[in-house]
Amino acid sequence: MSRLAATFEQLAKSGRKALIPFVTAGDPTSDFTLSLMYEMVKAGVDVIELGVPFSDPMADGPVIQRASERALAHKMSLKKTLAIAAEFRKTNQKTPIVLMGYLNPIEAMSYEGFANAAQRADIDGVLTVDLPPEEGEQCAAFLKECGIDTIFLLAPNSTDERIQKMSAVGSGYLYYVSLKGVTGAGHLNAADVENKLKQIKTHTTMPVSIGFGVKDAETAKIISALGDGVVVGSALISKIENNLDNPEQAKSEIIALLSAMRQAMDK
């Protein structure tokens, strides 16, 4: 059983939901990212989504776009992102790591080369924003051979047929994008999310995590009642952006927010 499957199974048995933070690797430095990963685990997160910086992140809002720009300015890359994950694994063998990014850096490495590199770094899942399931079977096959889950994005307008396709090709969990638009935009409508989750659950037995628009502990609590996991990204990265001259303050604010979310979700 994969780390992701084991994590979601254990959470389900205990009646809890996954708290999944997203951070951009190398923002503002690789040392900060690594240190933050350890601190987030202490705060009660269950899975870490590690963003691979990219110059044209089409699904990301301005907060995460700027995080990518800062990381790229410090020469962060896919290979260096994998190096951060590998370093984390030296002392943490339990917490699943999901790489989240775009196709170009993967294609530059080749699907097989990337899958092998991700396996060496002990990555658990890969979510490639601009790789749809219709075109993702080859990459998913290489990842599967290396014991790595391929995770796909579902949107508010995803059809039954598309949900079935993503469920058939993907593994680990499905990521439901709860808003039309980019990360960090708008406000969640819990009723809309609940209705869509009911539709999704009729076509898959995989866990479904919900992201885009999760900003605070109250939202995390509401969303955790609807799906199997809560993903938070822009709200965390804003803490980094607002404290670029004081990384320890940024870290402290991120941990405080995640701790509040964990507490609210577990009530």
Side-chain angles (χ1 to χ4, degrees), residues 2-7 20-41 45-60 64-65 67-131 136 138-153 170-173 175 209 231 233 236-237 240 247:
S2 71
R3 278 195 195 93
L4 281 171
T7 295
I20 308 174
F22 168 94
V23 292
T24 302
D27 175 36
T29 66
S30 58
D31 287 344
F32 176 87
T33 301
L34 180 61
S35 174
L36 179 60
M37 290 170 72
Y38 289 126
E39 291 300 317
M40 291 193 300
V41 172
V45 309
D46 302 290
V47 179
I48 296 174
E49 284 189 0
L50 192 58
V52 181
F54 186 58
S55 57
D56 188 23
M58 65 187 74
D60 295 318
I64 296 178
Q65 286 185 23
S68 278
E69 290 169 2
R70 291 191 294 270
L72 291 170
H74 289 99
K75 309 301 182 184
M76 184 53 55
S77 64
L78 173 55
K79 288 183 179 180
K80 290 180 179 179
T81 301
L82 290 170
I84 292 173
E87 188 66 25
F88 177 81
R89 275 284 172 255
K90 290 181 179 180
T91 52
N92 183 308
Q93 292 293 319
K94 181 181 178 181
T95 307
I97 300 174
V98 173
L99 287 188
M100 186 170 182
Y102 294 82
L103 187 59
N104 278 20
I106 294 174
E107 286 194 328
M109 194 180 287
S110 84
Y111 291 157
E112 184 175 15
F114 168 69
N116 290 333
Q119 183 183 44
R120 288 193 296 272
D122 220 349
I123 296 297
D124 300 284
V126 174
L127 197 167
T128 309
V129 176
D130 52 349
L131 184 63
Q138 184 181 12
C139 185
F142 281 118
L143 291 171
K144 185 176 182 180
E145 286 180 10
C146 293
I148 299 171
D149 290 313
T150 301
I151 298 159
F152 288 104
L153 293 168
S171 59
Y173 61 92
Y175 186 136
S209 297
V231 184
L236 305 181
I237 293 173
I240 297 173

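Residues N104 and F54 meet the side-chain proximity criterion, which asks for heavy atoms closer than 4.5 Å. Residues R70 and I237 have side chains in contact (heavy-atom distance under 4.5 Å, counting atoms from C-beta outward). Taking 4.5 Å as the limit, every side-chain heavy atom of D27 sits out of range of all side-chain heavy atoms of T33. Residues L99 and T128 are not in side-chain contact: their nearest non-hydrogen atoms beyond the backbone lie 4.5 Å or more apart. Here the side chains of H74 and L72 are not in contact, with every heavy-atom distance at 4.5 Å or above. Residues S77 and K80 meet the side-chain proximity criterion, which asks for heavy atoms closer than 4.5 Å. Under the 4.5 Å side-chain criterion, counting only non-hydrogen atoms from C-beta, L143 is in contact with F114.
Under the side-chain contact (heavy atoms from CB on, under 4.5 Å) rule, I151 has a single partner from V126, V98, D124, which is V98.
Between atom CE of residue M40 and atom CD1 of residue I20 there is a gap of 11.5 Å, rounded to the nearest 0.5 Å. Remark: S35 OG to I84 CD1 distance equals 11.5 Å, nearest 0.5 Å. In this structure, NZ on K94 lies 12.0 Å from CZ on R89, to the nearest 0.5 angstrom. Note that OH of Y173 and OG of S209 are 5.5 Å apart. Values are rounded to the nearest 0.5 Å. Note: I123 CD1 to C146 SG = 12.0 Å, rounded to the nearest 0.5 Å. If you take CD1 on I148 and CD1 on I97, they are separated by 11.0 Å, rounding to the nearest 0.5 Å.
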Apply side-chain contact (heavy atoms from CB on, under 4.5 Å) to residues L127 and F152 and explain how you reach the verdict. CA-CA 6 Å; L127 197 167; F152 288 104; over 6 Å; no
Full working for salt bridge (Lys or Arg N to Asp or Glu O under 4.0 Å) between D46 and R3: CA-CA 10 Å; D46 302 290; R3 278 195 195 93; over 6 Å; no
Take M76 and S30, measure what side-chain contact (heavy atoms from CB on, under 4.5 Å) needs, and give me the verdict at the end. CA-CA 8 Å; M76 184 53 55; S30 58; 3.7 Å; yes
Test Y38 against F88 for ring-ring contact (aromatic ring centres under 6.0 Å, His included), laying out the working first. CA-CA 8 Å; Y38 289 126; F88 177 81; 5.1 Å; yes
What verdict does the side-chain contact (heavy atoms from CB on, under 4.5 Å) test give for M100 and V52, after you've listed the backbone C-alpha separation in whole Å, the side-chain angles of each residue and the deciding distance to 0.1 Å? CA-CA 6 Å; M100 186 170 182; V52 181; over 6 Å; no
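Listed by chain and residue number, L4, A5, D149 satisfy the side chain to side chain contact (heavy atoms under 4.5 Å, CB included) test with S2 (two or more places apart in sequence, or in another chain).
Closest heavy-atom contact between P53 and A71: CG-CB, 3.6 Å. Nearest heavy-atom pair across Y102 and P105 is O-CD, 3.3 Å.
Ring pair F142/Y111 is tilted by interplanar angle, where 30° to 60° counts as tilted.
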